[in-house]
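Scroll down for the structure; my scribbles are underneath it.
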Amino acid sequence: MKINTNPNLFLIGGMKCGSTTLYVDLGYHTGIYAPEVKEPTFFEREELSSEQVDDLYCKLHQHGEAYRYRMDGSTRYSMRSELEGVPEKVRDLCGEDARIVYM
């Protein structure tokens with residue numbers, strides 16, 4: 001049985017707004033797993049199927065299963081006019097309970 005290690009905490013928003021600092025600071029919290037790769041941008045890459053994204057997240061967050069939250073800091077996910085379908089892809093793969101921090 002595969003354990004879900006997909007992210008459930010997304011840090012999105014404007015670029016150059018302090019998101020890297022917040023990502024690092026949140027990574028110190030004992031309940032949040034922050035992988036070394038802050039902005040994997042898996043959901044904006046149209047060449048990846050949902051199965052490929054799931055596999056990539058599994059690898060990226062493989063050490064995060066004991067954490068309540070697993071974070072993705074891809075700020076570009078907020079660029080809805082340029083990136084169609086990202087919210088739907090996040091919901092489909094990560095569930096409706098995923099949390100979003102918008103900067």
Side-chain angles (χ1 to χ4, degrees):
M1 179 179 182
K2 182 179 173 184
I3 296 172
N4 184 0
T5 57
N6 288 332
N8 56 3
L9 176 63
F10 291 86
L11 177 59
I12 67 172
M15 295 172 198
K16 304 296 181 194
C17 66
S19 63
T20 299
T21 299
L22 182 59
Y23 186 87
V24 170
D25 289 347
L26 288 173
Y28 286 116
H29 190 284
T30 58
I32 299 175
Y33 179 72
E36 288 184 33
V37 178
K38 174 190 170 236
E39 298 191 46
T41 64
F42 294 147
F43 287 113
E44 70 178 73
R45 295 170 51 195
E46 293 180 6
E47 75 275 10
L48 297 176
S49 69
S50 59
E51 292 81 18
Q52 290 171 308
V53 172
D54 191 31
D55 289 342
L56 289 167
Y57 269 132
C58 187
K59 290 174 186 168
L60 184 62
H61 292 281
Q62 65 186 334
H63 302 294
E65 70 180 58
Y67 294 81
R68 180 173 182 182
Y69 294 103
R70 292 163 303 280
M71 189 165 41
D72 178 329
S74 300
T75 56
R76 282 183 42 87
Y77 290 163
S78 63
M79 300 177 76
R80 189 171 186 127
S81 61
E82 292 181 28
L83 303 172
E84 290 295 323
V86 171
E88 294 81 8
K89 291 176 186 177
V90 169
R91 182 194 60 232
D92 291 346
L93 188 65
C94 302
E96 294 182 8
D97 293 332
R99 303 291 188 241
I100 297 172
V101 175
Y102 187 92
M103 300 225 9

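Just so it is clear, the values below take in all heavy atoms, side chains as well, and ignore hydrogens, waters and symmetry mates. Model, not experiment: these values are computed from the prediction.
The cluster map of Ile, Leu, Val, Met, Phe, Trp and Tyr, joined by side-chain heavy atoms under 4.5 Å apart, puts M71 and M103 in the same cluster. The cluster map of Ile, Leu, Val, Met, Phe, Trp and Tyr, joined by side-chain heavy atoms under 4.5 Å apart, puts I12 and Y69 in different clusters. Linking ILVMFWY residues whenever their side-chain heavy atoms come closer than 4.5 Å, directly or via other members, leaves Y102 and V24 in distinct clusters. Under the 4.5 Å side-chain heavy-atom criterion for grouping Ile, Leu, Val, Met, Phe, Trp and Tyr, V90 is connected to L60 within one hydrophobic cluster. M79 and V53 fall within a single hydrophobic cluster, where Ile, Leu, Val, Met, Phe, Trp and Tyr are joined by side-chain heavy atoms under 4.5 Å apart, directly or via other members.
Checked against L11 for a side-chain contact (heavy atoms from CB on, under 4.5 Å), the options T20, I100, D72, V101 give a single hit: V101.
Going from atom OG1 of T75 over to atom CG of L22 covers 12.0 Å, rounded to the nearest 0.5 Å. Atom CG in L56 sits 10.5 Å away from atom CG in N6 (nearest 0.5 Å). From S49, atom OG reaches atom CG of D55 across 8.0 Å, with rounding to the nearest 0.5 Å.
For the pair S74 and F42, the minimum side-chain heavy-atom distance is 4.5 Å or more. Between F43 and C94 the shortest side-chain heavy-atom distance falls below 4.5 Å. Inter-residue side-chain proximity for L9 and R68 is flagged as unmet; no heavy-atom pair is nearer than 4.5 Å. You'll find the side chain of H61 reaches within 4.5 Å of the side chain of P35, heavy atoms only.
Listed by chain and residue number, nothing satisfies the side chain to side chain donor-acceptor pair (under 3.5 Å) test with T21 (two or more places apart in sequence, or in another chain). E44 meets the side chain to side chain donor-acceptor pair (under 3.5 Å) test with R76; sequence neighbours excluded.
When the shell of 6.0 Å around CZ of R91 is examined, it contains more than 12 heavy atoms from other residues, nucleotides or ligands. Atom CD of E36 has 12 or fewer heavy atoms from other residues, nucleotides or ligands within 6.0 Å. Heavy-atom contacts from other residues, nucleotides or ligands closer than 6.0 Å to CD of E96 number 12 or fewer.
Put simply, the side chain of R70 never gets that close to the backbone of N8: no donor and acceptor are under 3.5 Å apart.
Nearest heavy atom pair, residue G73 against residue Y23, reads N-CE1, 3.8 Å.
Using the six-membered ring where Trp is involved, F10 and Y77 have ring planes that are tilted, between 30° and 60° apart.
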Check the pair H63 / Y33 against ring pair (Phe, Tyr, Trp, His ring centres under 6.0 Å), numbers first and verdict last. CA-CA 8 Å; H63 302 294; Y33 179 72; 7.1 Å; no
